[in-house]
2 protein chains.
Amino acid sequence: MDAPTPASSSAPALTLERFLPYRLVALSARTSNALARIYAERFELTIPQWRVIATLGQSPVATARDIASHGMMHKSTVSRAVSALVARGLLRKEPNAHDMREEHLRLTDAGRRIYDSIVPEALAFEARLMTALDPQERRLFLAMIDKLDAQARSLAPDMEIEA
Amino acid sequence: MDAPTPASSSAPALTLERFLPYRLVALSARTSNALARIYAERFELTIPQWRVIATLGQSPVATARDIASHGMMHKSTVSRAVSALVARGLLRKEPNAHDMREEHLRLTDAGRRIYDSIVPEALAFEARLMTALDPQERRLFLAMIDKLDAQARSLAPDMEIEA
DNA sequence: CAGGATCAGTCTCACGCGCAACCAATTTAT
DNA sequence: ATAAATTGGTTGCGCGTGAGACTGATCCTG
């Protein structure tokens with residue numbers, strides 16, 4: 001790409017390189033792709049599958065609906081990821097006697113082993129990424145993400161997000 | 001979702017809410033979706049189409065390859081977006097006499113009008129989002145994104161990214 | 001100045017996704 | 001009590017995508 005030639009336009013300049021949504025997408029795509037290598041190539045997990053496992057690793061029992069909202073996924077995406085994981089023996093469905101519509105999901109031992117294998121690598125990756133910032137910056141950065149996320153929610157309140 | 005129950009696991013804790021890649025994806029998805037409403041619903045543009053237009057709004061002439069790398073898209077994605085935009089009369093292909101392999105792409109007047117309509121709205125959206133941060137924080141935040149992006153590149157150097 | 005590597009862009013294929021219709025269980029209203 | 005509305009989850013469908021093969025053009029190297 002050439003140097004950004006000013007467009008023959010009357011509109012105020014929109015320079016993607018300085019446009020926040022663009023920067024966010026770029027950074028998030030880069031880190032996600034790098035991280036995906038861990039669980040995709042080495043553990044044969046898709047992104048939704050990893051999100052299901054990550055959620056259940058953190059909260060041992062959850063319904064598909066919980067997982068969908070927590071992982072910002074469509075419920076059909078979760079449903080398919082769950083089916084695949086159950087078929088692989090990494091997840092178990094347990095009927096909920098109090099509400100037969102929902103099913104409680106739980107990692108099997110094999111599922112937890114995979115989770116336990118991925119977590120240290122994911123944390124190590126995060127740590128390597130974070131070396132770009134000093135400790136104070138890290139706190140600041142996460143705090144600012146929180147603020148921006150809250151603001152984004154308030155700007156599009158009714159939106160059910162998909163990643 | 002319930003309160004994060006500690007998992008019965010020996011692995012170090014991975015709490016998604018505090019995991020940087022997760023936070024980045026969440027924020028980036030939220031802002032992208034909100035922004036997409038502008039150009040998707042009101043101008044009937046897909047995300048790749050908007051990226052093509054945004055790039056050409058900024059650098060009036062570019063090849064498909066330029067646009068792909070600039071917008072972090074696969075070349076086939078760009079190819080299809082370009083075809084659709086040409087069909088709609090928003091883009092023009094011009095053969096390059098010096099290299100018959102590539103084609104120079106340029107917005108038509110209609111294309112530029114759409115670009116000029118979207119830009120102020122996109123900038124207004126960014127501004128509204130940015131109100132969550134004070135001016136100094138904004139500079140800091142963008143600088144930290146740059147640092148993290150550079151670090152992410154160095155951690156996965158050979159990776160050709162897709163958003 | 002040939003022949004092989006490289007490059008721009010298109011096209012086919014298979015797949016994963018979001019959507020929306022759907023089913024079954026449960027809650028609410030009448 | 002019963003019908004209507006709501007909710008959790010699944011499934012069929014259509015579409016857009018990424019991977020990668022392929023075509024034609026250009027460049028490199030001997």
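Quick note on labels: first sequence line is chain A, next is B, and so on, each numbered from 1.
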- Message: Going by side-chain hydrogen bond (donor to acceptor under 3.5 Å, both in side chains), name the residues that satisfy it together with B:Ser117, two or more places apart in sequence or in a different chain.
- Response: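 None.
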
- Could I get the full list of side-chain hydrogen bond (donor to acceptor under 3.5 Å, both in side chains) partners for A:Glu103, not counting sequence neighbours? none

Can [X] and [Y] be counted as an ion pair, charged N to O under 4.0 angstrom?
X        : Y        : answer
B:Arg23  : B:Glu17  : no
B:Arg88  : B:Glu44  : no
A:Glu94  : A:Arg106 : yes
A:Asp149 : A:Arg153 : yes

Using atom [atom1] of [X] as one end and atom [atom2] of [N] as the other, report the distance to the nearest whole Å.
X        : N      : atom1 : atom2 : answer
A:His70  : D:dG8  : NE2   : P     : 17 Å
A:Lys75  : D:dT6  : NZ    : C1'   : 11 Å
A:Ile47  : C:dG16 : CD1   : P     : 11 Å
B:His104 : C:dA8  : NE2   : P     : 12 Å
A:Glu102 : C:dC23 : CD    : C1'   : 16 Å
B:Glu103 : D:dT23 : CD    : C1'   : 14 Å
A:Met73  : C:dC19 : CE    : P     : 15 Å
B:His74  : C:dC11 : NE2   : P     : 15 Å

- Taking only N and O in the side chain of B:Thr63, is any of them less than 4.0 Å away from OP1 or OP2 of C:dA8?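 Answer is no, no contact under 4.0 Å.
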
- Message: With a 4.0 Å cutoff (strictly under), does any side-chain N or O of B:Ser79 reach OP1 or OP2 of C:dC11?
- Response: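 B:Ser79 to C:dC11 OP1/OP2: no side-chain N or O under 4.0 Å.
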
- Task: Would you kindly check whether a donor in the side chain of A:Arg80 faces an acceptor in the base of C:dG18, or vice versa, at under 3.5 angstrom?
- Result: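 Looking at the base of C:dG18, it does pair with a donor or acceptor on the side chain of A:Arg80 (distance under 3.5 Å).
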
- Task: Decide if atom CZ of B:Arg18 counts as having more than 12 heavy atoms of other residues, nucleotides or ligands within a radius under 6.0 Å.
- Result: no

- Message: Pick the closest DNA chain C nucleotide for B:Ser76 and for A:Thr46 by heavy atoms, then say which residue is nearer the 5' end.
- Response: B:Ser76

Please tabulate the protein-to-nucleotide N/O contacts below 3.5 Å involving nucleotides 25-29 of chain C, giving atom names and distances.
from	atom 1	to	atom 2	distance (Å)
C:dA25	O3'	A:Met100	N	3.3
C:dT26	OP1	A:Met100	N	2.7

- Nearest to side-chain heavy atoms of A:Ala64, which nucleotide of D:dG9, D:dT11, C:dG9: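 My answer, after comparing the listed nucleotides, is D:dG9.
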
